[in-house]
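Whatever order the structure lists ligands and atoms in, that order sets their numbers, starting from 1.
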Amino acid sequence: MFKVHAVSHSRLPELLRAMPKAELHIHIEGSLEPELIFALAQRNGVQLPYADVAALRSAYAFSNLQSFLDLYYAGASVLLHEQDFYDMAWAYFEKAANDHVVRAELFFDPQTHTARGVPMGAVIQGLHRACCDAQTQLGISADLILCFLRHLSEDEALATLEEAMPWREHFIGVGLDSSEVGHPPEKFTRVFARARELGLHVVAHAGEEGPPAYIWSALDVLKVERIDHGVQAIHDAALMKRLAEEQMPLTVCPLSNLKLCVFKSLADHNLGQMLDAGLRVTINSDDPAYFGGYLNENFLQTFAALHLNAQQAYKLAANSIEASFANEAQKYQWMHQLKQCFQGFAESD
Ligand code: ADE
Ligand code: ZN
């Protein structure tokens with residue numbers, strides 16, 4: 001067990017920024033900044049129902065998940081060509097590099113684009129090319145996870161998976177996102193079974209707004225390897241026990257939860273309680289362009305609001321690396337870098 005030395009309160013933000021970390025819950029369409037939305041709208045001749053960047057940004061006041069999703073899908077409507085997907089992902093990777101992200105697993109929503117007539121190949125190839133450049137130019141290891149929109153039917157999800165098969169080597173897993181309540185995981189039993197048969201990793205949003213029952217069925221029916229969000233587990237003691245025993249990773253997104261009114265304030269967030277209960281929690285940004293911050297901002301604000309310490313910082317960063325779908329040799333290397341980073345802070349403290 002690696003010994004984490006105490007770090008002074010004043011140096012904790014510096015440590016949070018500097019530590020190598022993995023981001024496991026980022027919707028790449030949720031990284032589209034208003035400036036890029038307007039630039040792409042102009043490039044592609046798409047009309048937006050907002051006068052300018054400031055007007056669009058001022059619309060970012062959400063009351064729940066659905067009120068956000070309506071804007072998020074409207075923002076994505078400017079993405080038409082392969083280069084647009086590349087530019088969007090590249091802008092994210094530049095920010096991620098700055099946040100010392102060493103590994104990023106990007107969610108993308110192909111149905112949002114194919115429904116508008118954008119070819120599947122343009123979506124996947126543009127994102128894939130950005131992932132390759134992230135490795136060679138920024139040293140970030142990156143992979144793609146194809147998400148099904150849960151407000152649509154399972155047949156549509158199955159058709160989407162088949163449509164993506166020519167690019168099977170360009171994504172490592174499937175996920176489940178969009179409107180949660182009323183669309184339980186079991187609605188997608190067959191498509192997740194098919195994905196597992198194909199050797200894909202499987203994850204699902206569950207327990208963001210939806211009940212603990214959705215987390216149970218994501219585990220038991222979809223057989224997911226990680227739960228995205230999962231914060232509603234706190235209301236079910238047996239589920240908490242199981243998540244801790246199985247060390248099931250949870251990709252928690254504090255600023256998202258705040259902006260979508262899952263918690264009244266960050267000080268009310270249950271991330272600290274879940275860590276204390278021994279759950280394998282990670283911190284992520286979800287849709288950073290909409291929720292007021294990229295990965296380091298999530299760490300900084302959460303640590304300030306919940307008074308977390310260096311030990312918990314180490315645990316969260318280690319969890320993110322260990323829960324990633326990178327190979328074991330890479331994980332070992334990043335864990336070594338993480339330990340070195342913490343040792344550096346202990347010695348200079
Ligand atoms: N799609 C993008 N962000 C999402 C979120 N936080 N929950 C569900 N679907 C999403
Ligand atoms: Zn999400």
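Sorted by chain and number, the residues within 4.0 Å of ligand 1 by heavy atom are H27, L65, F68, L69, Y72, D177, S178, H205, E208, H229, D286, D287.
A tilted orientation is assigned to the rings of F107 and H205, their planes being inclined by 30° to 60°. The aromatic rings of F2 and F342 lie perpendicular to each other, with more than 60° between the two planes, well past the 30° mark.
With hydrogens and angles left out, the side-chain atoms of R150 and S178 include no donor and acceptor closer than 3.5 Å. The closest side-chain donor-acceptor pair between D228 and T251 falls under 3.5 angstrom. Inspection of the E180 and H229 side chains reveals no N or O donor paired with an N or O acceptor under 3.5 Å.
For the Zn ion (ligand 2), the nearby protein N/O/S atoms, meaning those under 2.8 Å, are H25 NE2, H27 NE2, H205 NE2, D286 OD1.
Remark: R226 is positioned above the aromatic ring of F325, its terminal NZ or CZ atom under 6.0 angstrom from the ring centre and at most 45 degrees off the axis.
Looking at every heavy atom in both residues, L79 comes nearest to V118 through O-CG2, 3.6 Å.
A donor-acceptor pair is defined here as one N or O able to donate and one able to accept, closer than 3.5 Å; no such pair exists between the side chain of E297 and the backbone of Y294.
K315 and E322 are not joined by a salt bridge, as no carboxylate oxygen comes within less than 4.0 angstrom of a charged side-chain nitrogen.
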